[in-house]
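Structure first, then comments.
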Amino acid sequence: MPTVMVTGANRGIGYEHVAQYAQKKWKVIACTRQPEKAIELLQLQDTYGTNFIIEELEVTNHEKVDELANKHSSTAIDILINNAGTVGPEGMPGAMEYQKIDNMDYQIWRDILEVNMLAPFKVATSFHKQISISNKKTLIMMSSDLGSVYQNTFGGLYSYRASKSGLNVIAKGMSNEWKDIIVVTLAPGWCRTHLGGTEAEINPGDSVGEQQKMFESLTASDSGKFLDRFGNDVPW
């Protein structure tokens with residue numbers, strides 16, 4: 001039975017990943033900040049029992065990340081999806097207002113960098129061993145098309161864009177240093193989630209289904225790539 005670990009599992013893309021992998025009879029480690037309030041995760045746990053583990057995790061708390069890594073020190077994690085992310089206190093389109101060139105909230109920017117860039121680095125380094133002892137040996141860093149410098153044709157969203165571009169650089173570096181696992185940066189598409197907003201074009205369940213299909217095709221030669229949900233290269 002393969003094992004998947006997902007951060008930010010209580011809603012959006014993270015929730016879809018744990019729900020779909022549970023249905024495929026994988027062992028799931030679903031991480032969320034407030035397990036007692038994650039009603040849908042608790043319902044999945046009721047359905048799948050001991051194969052569905054809910055762990056409390058605030059990804060910006062590095063001590064707690066290390067504690068969870070120690071708890072699962074001997075767990076082989078086939079796919080770790082570094083999914084937890086933020087655009088700040090509001091979803092789209094409201095998030096655009098406090099990260100404009102002429103209206104920047106620097107504290108929100110710092111918070112976004114902490115969640116979207118520093119936290120995935122910490123989670124990945126703390127769980128590298130657990131990924132390396134698995135069969136699939138795959139680390140997914142959840143990025144965005146908005147992290148592509150090439151595709152930035154209209155400006156705006158400076159805080160979020162910078163955090164995802166930074167994440168891309170981190171993942172690329174990890175792929176160079178960690179030859180024992182596959183490290184991929186993923187652009188899931190513009191999904192209808194709290195982060196993406198109601199105007200987004202893609203159902204998150206559909207995106208995740210395509211992502212999981214793509215994950216099965218990954219090989220060591222894909223490590224270091226920036227891919228979309230279909231496995232196509234995204235320009236840096």
Side-chain angles (χ1 to χ4, degrees), residues 1-10 13-33 35 41 44-45 48-85 117-143 167-186 188 208 211-227 231:
M1 176 190 304
T3 297
V4 64
M5 174 176 157
V6 183
T7 63
N10 59 301
I13 288 173
Y15 173 78
E16 287 295 337
H17 269 300
V18 296
Q20 293 189 32
Y21 274 122
Q23 189 173 26
K24 293 176 181 177
K25 302 190 185 308
W26 282 44
K27 181 178 179 180
V28 173
I29 304 172
C31 301
T32 181
R33 287 178 295 174
L41 292 184
L44 288 175
Q45 190 176 56
Y48 296 103
T50 56
N51 284 342
F52 196 96
I53 300 168
I54 302 174
E55 295 286 10
E56 180 178 348
L57 182 64
E58 168 55 76
V59 293
T60 61
N61 186 326
H62 294 188
E63 181 180 345
K64 294 300 183 182
V65 172
D66 284 336
E67 286 179 7
L68 188 61
N70 289 332
K71 178 179 178 179
H72 290 281
S73 61
S74 61
T75 302
I77 299 175
D78 289 272
I79 301 178
L80 191 153
I81 304 176
N82 242 328
N83 168 76
M117 199 170 71
L118 278 68
F121 180 91
K122 177 58 181 175
V123 171
T125 53
S126 294
F127 282 88
H128 169 237
K129 185 200 75 155
Q130 291 89 325
I131 302 168
S132 70
I133 61 175
S134 73
N135 290 324
K136 297 184 182 295
K137 306 178 189 296
T138 302
L139 171 63
I140 302 296
M141 301 288 251
M142 193 64 71
S143 186
L167 183 69
N168 293 351
V169 172
I170 287 168
K172 180 65 174 177
M174 288 176 170
S175 74
N176 291 326
E177 295 201 50
W178 290 342
K179 299 301 184 182
D180 53 344
I181 68 172
I182 300 168
V183 185
V184 168
T185 315
L186 174 65
V208 165
Q211 290 174 45
Q212 292 187 4
K213 182 178 178 182
M214 182 268 284
F215 296 166
E216 291 303 307
S217 69
L218 292 174
T219 66
S221 64
D222 294 308
S223 194
K225 292 183 177 180
F226 183 15
L227 302 175

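Just so you know, these numbers use all the heavy atoms, side chains as well, and skip hydrogens, waters and symmetry mates.
Closest approach of Ser132 and Asp180 over heavy atoms only: CB-OD2, 3.3 Å. Residues Ile181 and Ser223 approach most closely at O-OG, 3.7 Å, considering heavy atoms. Considering every non-hydrogen atom in both Leu186 and Phe226, the closest pair reads C-CE1, 4.2 Å. Minimum interatomic distance between Ser74 and Ile133 (heavy atoms only, all atoms of both residues): O-CD1, 4.2 Å. Nearest heavy-atom pair, Tyr15 versus Asn10, reported as atom, atom and distance to 0.1 Å: CB-C, 4.0 Å. Contact detail for Val123 and Val65: the closest heavy-atom pair is CA-CG1, 4.0 Å.
Taking 4.5 Å as the limit, some side-chain heavy atom of Leu218 sits within range of a side-chain heavy atom of Val184. For the pair Met5 and Leu68, the minimum side-chain heavy-atom distance is below 4.5 Å. Between Val6 and Val28 there is no side-chain heavy-atom pair separated by less than 4.5 Å. Here the side chains of Trp178 and Ile131 are not in contact, with every heavy-atom distance at 4.5 Å or above. Side-chain contact between Gln23 and Tyr48 is present, with heavy atoms from C-beta onward closer than 4.5 Å. Counting only heavy atoms from C-beta outward, the side chains of Asn82 and Leu139 approach each other to under 4.5 Å. Between Lys64 and Glu58, the closest side-chain pair of non-hydrogen atoms is not below 4.5 Å. Between Arg33 and Leu57 the shortest side-chain heavy-atom distance does not fall below 4.5 Å.
Residues passing the salt bridge (Lys or Arg N to Asp or Glu O under 4.0 Å) test with Asp78, sequence neighbours excluded: none. In this structure Lys225 satisfies the side-chain hydrogen bond (donor to acceptor under 3.5 Å, both in side chains) test together with Asp222, sequence neighbours excluded. Residues passing the salt bridge (Lys or Arg N to Asp or Glu O under 4.0 Å) test with Glu177: none are found, sequence neighbours excluded. For Phe52, there are no ring pair (Phe, Tyr, Trp, His ring centres under 6.0 Å) partners, not counting sequence neighbours. Residues passing the salt bridge (Lys or Arg N to Asp or Glu O under 4.0 Å) test with Lys122, sequence neighbours excluded: Asp66. Under the side-chain hydrogen bond (donor to acceptor under 3.5 Å, both in side chains) criterion, Lys24 pairs with Gln212, sequence neighbours left out. Residues satisfying the side-chain hydrogen bond (donor to acceptor under 3.5 Å, both in side chains) test with Ser221, not counting sequence neighbours, are Thr219. Evaluation of the side-chain hydrogen bond (donor to acceptor under 3.5 Å, both in side chains) rule for Thr125 yields no partner, not counting sequence neighbours. Taking His72 as the reference, nothing meets the ring pair (Phe, Tyr, Trp, His ring centres under 6.0 Å) condition, with sequence neighbours excluded. With sequence neighbours excluded, no residue satisfies salt bridge (Lys or Arg N to Asp or Glu O under 4.0 Å) with Glu56. Under the rule for a ring pair (Phe, Tyr, Trp, His ring centres under 6.0 Å), the partners of Phe215 that lie at least two apart in sequence or sit in another chain are His17.
Side-chain N or O atoms of Ser134 include one that pairs as donor or acceptor with a backbone N or O of Lys137 at under 3.5 Å. Checked by atom type and distance alone, the side chain of Thr138 never pairs as donor or acceptor with a backbone atom of Ile182 at under 3.5 Å. Judged by distance alone, the side chain of Lys129 and the main-chain N or O of Ser73 form a donor-acceptor pair under 3.5 Å. Within the 3.5 Å criterion, the main-chain N or O of Ala84 finds a donor-acceptor partner in the side chain of Thr7.
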Requested in this report: Begin from the C-alpha positions of Leu41 and Thr32 and carry the test side-chain contact (heavy atoms from CB on, under 4.5 Å) through to its verdict.
Outcome: CA-CA 9 Å; Leu41 292 184; Thr32 181; 3.9 Å; yes
**Report entry** side-chain contact (heavy atoms from CB on, under 4.5 Å) assessment of Glu16 paired with Gln211
**Finding:** CA-CA 11 Å; Glu16 287 295 337; Gln211 290 174 45; over 6 Å; no
Query raised in the report: How far apart are the C-alpha atoms of Leu44 and Val18, what are their side-chain angles, what is the distance that settles it, and do they pass the side-chain contact (heavy atoms from CB on, under 4.5 Å) test?
Result: CA-CA 9 Å; Leu44 288 175; Val18 296; 4.2 Å; yes
Report task. Give the C-alpha distance, both sets of side-chain angles, the deciding distance and a yes or no for side-chain contact (heavy atoms from CB on, under 4.5 Å) between Asn51 and Lys25. Result -> CA-CA 8 Å; Asn51 284 342; Lys25 302 190 185 308; 5.9 Å; no
Show every donor-acceptor pair shorter than 3.5 Å between a side-chain atom in residues 167-175 and any protein atom, with sequence neighbours excluded, or say none if there are none.
unit_1: Asn168; atom_1: OD1; unit_2: Ser143; atom_2: OG; d: 2.8
unit_1: Ser175; atom_1: OG; unit_2: Lys172; atom_2: O; d: 2.6

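Interatomic distance, Leu118 CG to His62 NE2, rounded to the nearest 0.5 Å: 6.0 Å. Here the OH atom belonging to Tyr21 is positioned 11.5 Å from the OG1 atom belonging to Thr3, to the nearest 0.5 angstrom.
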